[in-house]
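Working notes, structure below.
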Number of protein chains: 2
Amino acid sequence: MGEQQIVLAERPEGRPTRETFRYESIELNAPDAGQVLLETLYISVDPYMRGRMNDARSYSQPFELGAPVQGGVVAKVIESRSDALKEGDIVVGMLDWATKLVVDAKTVRKIDASLAPVSTALGVLGMTGMTAYFGLLDIGNPQPGETVVVSAAAGAVGSIVGQIAKIKGARVVGIAGSDEKTTYLKEELGFDEVINYKTEDVGEALDRACPSGVDVYFENVGGEIGDAVIDRLNPFARIPVCGAISGYNEKENIGPRVQSKLIASRARMQGFLVGDYGKRFKEAAEQLGEWVSAGELKYEETIFEGFDNVPDAFLGLFDGSNTGKLLVKL
Amino acid sequence: MGEQQIVLAERPEGRPTRETFRYESIELNAPDAGQVLLETLYISVDPYMRGRMNDARSYSQPFELGAPVQGGVVAKVIESRSDALKEGDIVVGMLDWATKLVVDAKTVRKIDASLAPVSTALGVLGMTGMTAYFGLLDIGNPQPGETVVVSAAAGAVGSIVGQIAKIKGARVVGIAGSDEKTTYLKEELGFDEVINYKTEDVGEALDRACPSGVDVYFENVGGEIGDAVIDRLNPFARIPVCGAISGYNEKENIGPRVQSKLIASRARMQGFLVGDYGKRFKEAAEQLGEWVSAGELKYEETIFEGFDNVPDAFLGLFDGSNTGKLLVKL
């Protein structure tokens, strides 16, 4: 079988399905001067990509219908016509979902495969780890003894957020969707309290888990979980708004307006994108790498096998079944 | 007729009515050491007071049933047993709604009646002016050429917000509820664009008035007006959240959730209370006084006459009929 890519076949109404995607055979040209031929090793599937499937003003360009879906990819250089990269180098970049591809060498970044498994360049040492790092530290700014609540706490971002908050001396409460996940967060990652939103009343559980209120809420999900946390903010609380996955597939996303709650708590709610912190990526990667090496920061990966399973891996983001970073290994 | 006070007769469900209040006769003792006897000159009625009428956790203590309503008051000292104040001094403070009252001298602040009309201590040089000053400058931080939108723009806070934004070189769009008000904002106060939310589709009007999007939204009203502005935020927009008067009398205040919008714009939405800026009141009062003296900052007052009309003045806040600061002169 030849090389393949995955294109956006139709814009999903609500939740994406297998029909959202279409496989296509591709013919690859030999690389021109400055280009490299890459063989894909890992593909990252991430919730924010759902937004790019809509034909609407958003923080990044919509995917084009019939054009390849793009996301975080780790790949191996198998032919190089660039001085910057040589055969065998491992690189990471925002690339088409394809088994092989030819790109300009300057669109990818070489990673040091001796430091950590190369898949971490898509997770704890890559976009999701940096998202946790900048959102929590730059906007959330947790202080020792403060209570930090994180939703989607067993996810690629949430699990790192909670652990960094612990490193900074905060009390950490994680909200996740299964007893397996909450047990993992408490037993393996050292979260102080955990809430299973599928079996517990989130408001009552927050009252028990946060007797002193909420100082930082790292928002990954929105919806009724977000509503419940925002009802329990302490004075001068901070809410880094990273995601709102509960609403990504909804046409209408309606809930209590936040204005009066923000006044009562003098809270700050701030959206952010990791891309805005490009100048500080090096700082973040070094700090995250140190914490990982020291055993202070653990990470989990859920790995699907095979290019055929990329759509299923993506769809799995929305059923809440994964723990840690969701990847596809080719 | 003797002295009187106004107490909270019942907690309003929804919009307050005359039955929310009850007049009571009072007997005043002579002031003790350190106390003064005051005669009330002006009573301030303000939207935030509605929140204190609920029996709910809020940013300030709820008013007690059967106890006097309290708010901003300007009064004259008619008898003093304090070294800090003498007969004839004019003072401002958070005091009971009463025709006369005895208080500790240290609970009030003397004002210089030679600088400006004493009523301004409740408005442009007092709480509402400072609310505009700190919310706009500290959280909104408008830059020259940026677009600032303010709702309740003809109100005591909004009218000052828009003028300070103009002083800072921003383009100012005001939303208000009558053609009389929008004409006032444009002709008298120099707003660049105005929107009458009662006769125009706010979303369409915003598209016309803000062709470059919204950089700062000074939020006074919430509700559908707030929703419409939040749909038009520029990257890194700031939203000082000062009030949400449209929802104060509603049991349910439901609308589009903001999380995804804040991420897309990387906007910051932050509640504040003027009381949190206590250490900078002197700075604000001096700067506001300078702008007023220089004719750069204009203010309007809507003045009801007589203690009998205090409840009606308060109720008038919620029908959108007043321009500028709403006061009662005794």
Side-chain angles (χ1 to χ4, degrees), chain A residues 47-48 50-51 54 56-60 131 135 139 151 213 217 219-227 230-233 235-248 250 252-277, chain B residues 47-48 50-51 54 56-60 131 135 139 151 213 217 219-227 230-233 235-248 250 252-277:
Chain A
Y48 78 89
R50 174 64 185 85
N54 294 331
R57 172 181 162 174
S58 180
Y59 42 86
S60 50
T131 298
I139 301 173
S151 51
Y217 173 45
E219 172 69 288
N220 281 316
V221 303
E224 293 180 7
I225 293 173
D227 300 341
I230 291 169
D231 273 337
R232 288 162 175 84
L233 299 176
F236 308 104
R238 290 83 66 196
I239 307 179
V241 185
C242 174
I245 194 169
S246 74
Y248 289 176
E250 310 294 331
E252 279 214 322
N253 185 358
I254 301 289
R257 291 195 178 91
V258 297
Q259 281 91 334
S260 293
K261 300 166 201 275
L262 296 184
I263 299 170
S265 57
R266 291 92 106 193
R268 177 156 54 95
M269 194 168 180
Q270 185 170 346
F272 73 100
L273 295 177
V274 66
D276 296 328
Y277 291 93
Chain B
Y48 79 89
R50 173 64 183 84
N54 294 331
R57 171 180 162 172
S58 178
Y59 42 84
S60 51
T131 297
I139 300 175
S151 51
Y217 173 45
E219 172 69 288
N220 280 317
V221 302
E224 293 180 7
I225 293 173
D227 300 342
I230 291 170
D231 274 337
R232 289 160 175 83
L233 299 176
F236 307 105
R238 289 82 66 197
I239 308 178
V241 185
C242 173
I245 193 168
S246 76
Y248 289 176
E250 308 296 327
E252 279 214 322
N253 185 359
I254 301 290
R257 290 196 179 93
V258 297
Q259 280 91 334
S260 292
K261 301 165 199 277
L262 296 183
I263 299 171
S265 57
R266 290 92 106 195
R268 178 156 52 95
M269 192 168 183
Q270 185 169 346
F272 73 99
L273 294 177
V274 67
D276 296 328
Y277 291 93

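Every chain is numbered from 1 and lettered A, B, ... according to where its sequence line falls, protein lines coming before strand lines.
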Is the side chain of A/Arg257 donor-acceptor paired with the backbone N or O of B/Ile254 at a distance under 3.5 Å, no angle test?
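Side chain of A/Arg257 to backbone of B/Ile254, a donor-acceptor pair under 3.5 Å: yes, one is there.
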Return the [atom1] to [atom2] distance between [X] and [Y], rounded to the nearest 0.5 Å.
| X | Y | atom1 | atom2 | result |
| --- | --- | --- | --- | --- |
| B/Asn253 | A/Gln259 | CG | CD | 7.0 Å |
| A/Cys242 | B/Leu262 | SG | CG | 12.5 Å |
| A/Ser265 | B/Gln270 | OG | CD | 10.0 Å |

Flag the one option from A/Glu219, A/Arg238, A/Lys261 with the top tally of heavy-atom pairs under 4.5 Å to chain B.
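Among A/Glu219, A/Arg238, A/Lys261, the one with the most close pairs to chain B is A/Glu219.
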B/Ile230 versus chain A, the contacting section by heavy-atom distance below 4.5 Å:
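Only the side chain of B/Ile230 comes within 4.5 Å of chain A.
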Name the region of B/Val241, side chain, backbone, both or neither, that has any atom closer than 4.5 Å to a heavy atom of chain A.
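Contact with chain A is through both the backbone and side chain of B/Val241.
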Would you sort out whether A/Met269 and B/Arg268 count as a side chain to side chain contact (heavy atoms under 4.5 Å, CB included), showing the intermediate values?
CA-CA 6 Å; A/Met269 194 168 180; B/Arg268 178 156 52 95; over 6 Å; no
Could you check which of B/Ile139, B/Asp276, B/Asp227 has the highest count of heavy-atom pairs closer than 4.5 Å to chain A?
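Sorted descending by pairs with chain A, the first entry is B/Asp276.
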Select, from B/Gly243, B/Gly223, B/Gly226, B/Ala244, the one with the greatest count of heavy-atom pairs under 4.5 Å involving chain A.
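Of the options given, most contacts go to B/Gly223.
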